[in-house]
Structures are given as C-alpha cells and as structure tokens.
Amino acid sequence: MIKPGSYFMLGNHACALGAIYAGCKFFAAYPITPQSEIAEEMSRLLPKVGGIFIQMEDELASICATIGASLTGLKAMTATSGPGFSLMQEGIGYAIATETPCVIVNVQRVGPSTGSIFGQQGDIMQARWGTHGGIYEIIALSPSSVQDLFNLTIQAFNLSEEYRVPVIVLSEASVSHLRETLKVPDINEINLVNRKLATCDPNEYKPFEAPLNECPPMAILGSGYKVYYTGHLHTEEGHPVLSLVRYHLADKVWRRLSNKIKSNIDKIIRLETKYIEDAEIIVIAYGMSARAALKAVMDAREMGIKAGMLRLITIWPFHDSLIRKLCASARSIIVAEVNNGQILYEVKRAVNNDQKVIPLLKLVDTHTPDEILLKIKEVA
Amino acid sequence: MEHPLKKLIKTENLPHEFCPGCAIGQVYHWVARAIDELGIDMNKVVLVSGIGCCARGVRFVRCDALTTLHGRALAFATGIKLANPNLNVIVVTGDGDGSGIGGNHLIHAARRNVELTVVLLNNGVYASTGGQVAPTTPHGAYTPTTPFGNIEDPFDLCKLLEAAGAVYVARWTTYHVRPAIESIKKGIKKKGFSFIEIIGQCPTYLGRYVLKLYEPVECINWFKNNSIRKELIGNLSKEELANKIIVGEFVDKEKIGLVERYQKLYGKI
Ligand SMILES: Cc1ncc(C[n+]2csc(CCOP(=O)(O)OP(=O)(O)O)c2C)c(N)n1
Ligand SMILES: [Mg+2]
C-alpha cells in the first residue's frame, strides 16, 4: 500500500494497484500488449501482500488458474487483450456456470485476429456474448481515465464478490497506456465487499440454492463442505442433469444465473450524465471517447446548442428503461464508439422510435472532441 | 458387511453413467484407496478433472471435487494448489483430456514441478464422444475417425513427462492393481509433480474397435499378456518389445516444488 495522495501513474499500473486495494491475492496471466504492464506490476505488488503471481503458459490456463484460486477462497484476477480474451471465453463460461467470482481485465485492441495493438472498443459484444450459451449475464465496466482504472477495478471485485459472477473491466489501449494523475485514497476508506460464505451444517448445504434474485453462500474448497463443481447443467445440490426429461431440476439454477443480475440492475448500473435534462442532442459514449464527448458537448453549449452527454460506466448489463428515460428530451442521439456499431444497436432498441439514433463510428484509437462537435453541429 | 471404502464414496450420487466393465471404476477405487491408506483427511483433498468419461467420476468421491473444462484440469489445479498449499490436489484425467487438448498444460505443470498428483486413465481413445482416435491410439487402429487405419503414432506419455520434469512417473495397467495403488500413494506423498498413467479398458470403444475384444476381462487379460515390467526388458529384442506395454516406475527423484520455491523467495503464501 502506498501513502494516500496524488501520483502520476500509468493506467495499467493504476489497475494493478486497484486490484491490490480491492484485496486481490491471486493473479495469473500471459503477456500481451497492451496489457503487459498490469502483469508486470502485479508480479511486483502481490508478493508484498502475501499474494500469488503466476505467469501461465497461455490465456486458457490463466483464466482457469484464476477460477481455481477463487474457488479456493482468494480474490483473483487475470488480464489480457483481444486474442487472449478470445481464448478465455470458455473459461469465463465456467465461471458463470459455477458462480465463481473473478475479475478479467481486457485491454481492448484492434481485431479481428492479431489486428493491432492500437486501441479499439471492439470487444463490447464479445464481453457480453463471447462464451457459448444463450441464457447468461455478465457485468462489464468501461474506464475512461487512470483514476477509473483504479476505482473500477475495485468496483469490479466488489460486484463479482457480491453477485458471484465474472466481471470484465473493458479497458482500451488509449486508457491503459495513458499517464495522468491518480488520487490514491486511504485504504481504510475503501468499501470492500466479500462473498458470503457457507456457515450451515455441511450435510444441509445445497451449493446452488438461492432465491431467483440472489446468489448462494459459497463453500470454498478445503472448508469441509465436500462440494462438487461442474460447468454442466446442474441442480441446486450441484448434481449434473444428464437427461432432457430431468431438465426441470436445473431450470431454476440456470435461470438464476441471469436473474440474479437482471433483478439487481438498478444497484449495479453506473452512468455519468452532463446537461441531459433539457438536451435536444445527446451523445452516448464510453471509455476514452466519453472524454471527447464531454468536451464536445461543453463546446456545443457555448455555441448555444442544447447538447448533453451520457457516459456508460457499466456497459453490461444494459439498462434499457433507464437509458430511455434519461434520453427522453432528446430529438437525436449520437452514439460515438470505436467499432462498427455495437452499443449503437442496444441504444436503438432502448429508445423511442421517433428519436433519431445517429452513429459516429471510428475504427481505431479514439474520437477527438472536434469530430464529435462536428457531428453535433451537423445534427443541430 | 459394508464395503471398506463406502465412507469415501458419495453413494447418494449413484447411479453412475459408466458402461459395464469400464476401467474408470477401478481408477477411482484406487485413488480412494490410496487416500484412505495414507490416512489423509478427506476435507483436505480436492479432486480435479477435465471433461471426458474419466473426468465424470470425481463427483462420486467424498471430498471437494471439480469437473472443469476439457483439457484444463491442470490449470485449475495449479490455481487451487497455489491458493491453498495445504490441500492435496489430485487430478484425474483421460488421455485425450490430459495429453490431447490439455497437453500444453500437462508439460508446463510438470516443468514447474507444481505439487500435484496426476492420475491419467489411458484408454487409447476419445471414449466420451464415441471412440475417435486420440493422441494415444496405436498406429493402424480403426476408429470412427480413422476408418482406413490411424496414420499417426501415439505418445509415450511417461517419456514425455520425464522429459518435462515430473519427479515421479509410473505406468501400470488395470491388471496391476496393487502396484498402481502403491504408485498413486507415492505420487500423493511426493513433494512435486507426479504422474501415474493407467492403461485401462474401454470395452465399448477400445475393446470393440482396436483390441477386437468384447469382454472387459478379456481386455484386462490382454494387458496382462502384453505388458512387461521395465526391469525385464533387457533381454528382449526391439521386435519383441514393439507391441509391449512397458510398465513400472520410470522416474522417482527429489526436487523442490513450485509452492516451496515461492515460499522460500517470498515467505508464506
Ligand atoms: C473444448 C471441447 N472440445 C471438445 C469437447 C468434446 N469432448 C468431450 S469429452 C472428449 C474426449 C475425452 O477423451 P478422454 O480425455 O480420452 O476421456 P475418455 O472419455 O476417453 O475417458 C471430447 C473430445 C469438449 N467437451 N470440449
Ligand atoms: Mg480416453
């Protein structure tokens, strides 16, 4: 832990520091640009707090070791970028199915394939639907600054512990490789969430039994509960359901995987807004582009254009009704993102039919304020 | 009379889904017996498996157990062992799971010498998906995906693990009951990465397609007649050895394990 105060820090280092402040005790990863500084920093910091750093043979192993450590009771994280994130998808699915808390940092880079190490916001949908299956939810957060990388990494741990779900920090090269001021608080002022642990008689314990909008207390490995974990469709007792005629025995557990997130969406969601109350034009953005959007909207206001900004901090789950409400005054909504349109279609689905949704898409790096201002003026 | 191992088996999870005569029952029986004979607290045992017929057995043993992803058992196990070095982490895996899709993790776990015990049931095929060719299937064998015979050669897993750095390496067949149990016990006690390969019958696929034997007992007899102790191979010619399963202990050495090294460098985890 460092002294509270201001530091000039690299985004990826702030992310690692945030993890340590969140109580992370295990980190497994494989090097990839633009993620490597997270791993390097974790290898320096973790041994000092009695934690474990291990560089695995690939990203498949990294996510699996991370899940294994979390099931054994440690707060655990892994970090990667595009190609590695693709490799982690099956593991992320296992964490969802077994309700294992863990944090995955994905510093997005240009894809598909090796693409490039320049930034992009291309993995929004991969974060949401990257692992196979059609009935699940994850949580994803989008940092816009070095401070965010610190704060949201802590948030990610808290959310994953609370809801027993993998939480993805969707950073991007331009944020992770930014150096700017980070205000480090006193560690005692940070609110930390720890998973609920099983306390009942092991003979009575059903590892996956909980109301539809909650997650069950967890029995960590080695604590005497003799639990069985499987990624297979399972009952509240954790037994695999091996025939279709017995599907109903797993139905509640499987529906709970999404329901525990959906029904708590109001508690999970975080957004930032500026001037939206009377805005006729609203720019929706996230990550680095949201900073440009804020500047553009302020410049537009000075020109007398009623523009506002809505920044998504929580990318997933996507809060349709809240977005609709917040955008109610707008005639036009500009969605600025660095891909071919991913959040764009979520916004289109959420808002009213008579509102125009206008894409402002870039394919690499990030938007400049002028690019966004130009679009605002065009629409005004 | 109650079965002496009943206390170690989650009988409430029965019935199981294995074919009659499958080697999987034997392998789990031996793992349970090894744990029992060593007197290890079952609260401190974690069985980790991947995906495959063999991997499904962990849920019948009365301890913490995981069926993970196809090929990834060793990566999960590495995380578990590092997170709590007091646990006895035992990986039970199939040949396809452990040496096909999971081959990279297998060699790296051995290289790191992480304190795990791997029991790999080698039934020579991908049984769970229908008996397709595996990296362990003999050359020439007919399987559902080698309709004209297997053009590839199989792994010698014990040689592979020896080269990768495992501190204990042994191979037995399902005929070699007692030596196999002793090897599993040795592996569990070993402070480092240990690997025990069990060549076992899959009457449904290996028996039917490869050995052309239809009864489990015939398969076990075949293992008996076609295996030879490592110590006895000296007098045999290359030709005589060609189709023999060489069994025995191949590596038994001492080397500091990963967790111990970590603790030496950084203090207690
Ligand atoms: C990523 C992935 N690919 C393929 C499969 C399908 N699959 C399940 S088990 C298996 C083969 C298992 O073979 P082995 O490890 O030898 O176990 P056995 O069934 O022979 O005991 C395969 C290919 C899977 N579950 N996951
Ligand atoms: Mg097999």
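From a predicted model like this one, the values you see are computed outputs, not experimental measurements. All heavy atoms count here, side chains included; hydrogens, waters and symmetry mates do not.
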Heavy-atom pairs under 4.5 Å with chain A, option from [options] with the top count:
{"options": "B/V48, B/T68, B/N104, B/V58", "value": "B/T68"}
{"options": "B/L66, B/T78, B/I107, B/V89", "value": "B/L66"}
{"options": "B/A75, B/A109, B/G102", "value": "B/A75"}

To the nearest 0.5 Å, tell me how far A/Y229 OH sits from B/F76 CZ.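 So the OH of A/Y229 and the CZ of B/F76 are separated by 12.0 Å.
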
Once you round to the nearest 0.5 Å, how far does CG of A/L74 lie from CG of B/N84?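 Between atom CG of A/L74 and atom CG of B/N84 there are 8.0 Å.
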
Are the side chains of [X] and [Y] in touch, meaning some heavy atoms are under 4.5 Å apart?
{"X": "B/R112", "Y": "A/M56", "value": "yes"}
{"X": "B/L74", "Y": "A/E57", "value": "no"}
{"X": "B/R59", "Y": "A/T230", "value": "no"}
{"X": "B/Y266", "Y": "A/I52", "value": "no"}
{"X": "A/T72", "Y": "B/L87", "value": "yes"}
{"X": "A/I63", "Y": "B/R72", "value": "no"}
{"X": "B/H105", "Y": "A/L60", "value": "yes"}

So does [X] have more than 12 non-hydrogen atoms from other groups sitting under 6.0 Å from [atom1]?
{"X": "A/H248", "atom1": "NE2", "value": "yes"}
{"X": "B/K191", "atom1": "NZ", "value": "no"}
{"X": "A/K48", "atom1": "NZ", "value": "no"}
{"X": "A/L244", "atom1": "CG", "value": "no"}
{"X": "B/K189", "atom1": "NZ", "value": "no"}
{"X": "A/Y163", "atom1": "OH", "value": "yes"}
{"X": "A/R246", "atom1": "CZ", "value": "no"}
{"X": "B/K255", "atom1": "NZ", "value": "yes"}

Tell me, side chain or backbone of B/R111 under 4.5 Å from chain A's heavy atoms, or both, or neither?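 When you check distances to chain A, no heavy atom of B/R111 falls under 4.5 Å.
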
Chain A contact via B/L47 - which portion, at a heavy-atom distance below 4.5 Å: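 Looking at B/L47, nothing touches chain A.
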
Main-chain N/O of B/N43 paired to A/Y225 side chain as donor or acceptor, under 3.5 Å: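 No, the answer is negative, given that no donor and acceptor are paired below the 3.5 Å cut-off.
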
Has B/D64 got a side-chain atom pairing as donor or acceptor with A/L221's backbone, closer than 3.5 angstrom?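 Side chain of B/D64 to backbone of A/L221: no pair is present.
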
Best-contacting candidate, A/P240, A/C64, A/A28, against chain B by heavy atom pairs under 4.5 angstrom: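 Among A/P240, A/C64, A/A28, the one with the most close pairs to chain B is A/C64.
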
I need the residue from A/L71, A/D58, A/T66 with the largest number of non-hydrogen atom pairs under 4.5 Å to chain B.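 Ranked by contacts with chain B, first place is A/D58.
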
With side-chain contact (heavy atoms from CB on, under 4.5 Å) as the test, would you mind laying out the steps for B/V45 and A/K226 before giving the verdict? CA-CA 9 Å; B/V45 176; A/K226 301 188 170 79; over 6 Å; no

Minimum heavy-atom distance between A/P47 and B/Y262, given as atom pair plus value: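 Taking every non-hydrogen atom into account, CG-OH, 4.1 Å.
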
Give the minimum heavy-atom separation between B/T67 and A/Y94, together with the two atoms involved.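 The answer is O-OH, 2.9 Å.
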
Sort [X] into side chain, backbone, both or neither according to what part of it lies under 4.5 angstrom from a heavy atom of chain B.
{"X": "A/S223", "value": "backbone"}
{"X": "A/F53", "value": "both"}
{"X": "A/I54", "value": "side chain"}

